[in-house]
A.B. asks: 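Before I ask anything, let me first share the structure, which is written out below as structure tokens.
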Amino acid sequence: MNRSGHLQVLAALNASGVDYLLIGALALGHYAPDAASFYVTADCDLLVRPTAANLRKALRVLLRCGYIRKYGLDSAAREKRLRPNTDHP
């Protein structure tokens, strides 16, 4: 995907109210434009706030933008993975 495609995904995430942070080489080009000529990337690295509602919103946006779900979870596994971890203080 090119920069234009990445910007469309970011715009869709913003429009849907997804809480995320742009990271990686694409972030360098966005936050430090002078660095953009040194770093080239074909991917878009995102850190998405790990709440169940936010992850669902992000997944819906990515599916609408043409991404595919490569790995599925059955409902029991999904509930287990989206449950907050209470093992840590």
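Since we're looking at a predicted model, the values are computed, not measured. Just so you know, these numbers use all the heavy atoms, side chains as well, and skip hydrogens, waters and symmetry mates.
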A.B. asks: Please check if the side chain of Asn54 supplies one atom and the backbone of Asp19 the other of a donor-acceptor pair under 3.5 Å.
C.D. replies: yes
A.B. asks: Under a 3.5 Å threshold, yes or no: a donor from one side chain and an acceptor from the other, between Tyr20 and Asn14?
C.D. replies: yes
A.B. asks: Taking the side chain as everything from C-beta on, heavy atoms only, tell me whether Leu21 gets closer than 4.5 Å to Val48.
C.D. replies: no
A.B. asks: So, do Arg64 and Val61 sit near enough that their side-chain heavy atoms are less than 4.5 Å apart?
C.D. replies: yes
A.B. asks: List the steps, then state whether side-chain contact (heavy atoms from CB on, under 4.5 Å) holds for Leu46 with Leu10.
C.D. replies: CA-CA 10 Å; Leu46 301 172; Leu10 297 176; 3.7 Å; yes
A.B. asks: Of all the heavy-atom pairs spanning His6 and Cys44, show the shortest one and how long it is.
C.D. replies: ND1-CB, 3.3 Å
A.B. asks: Could you check if a side-chain atom of Leu13 sits within less than 4.5 angstrom of a side-chain atom of Cys65, using non-hydrogen atoms only?
C.D. replies: no
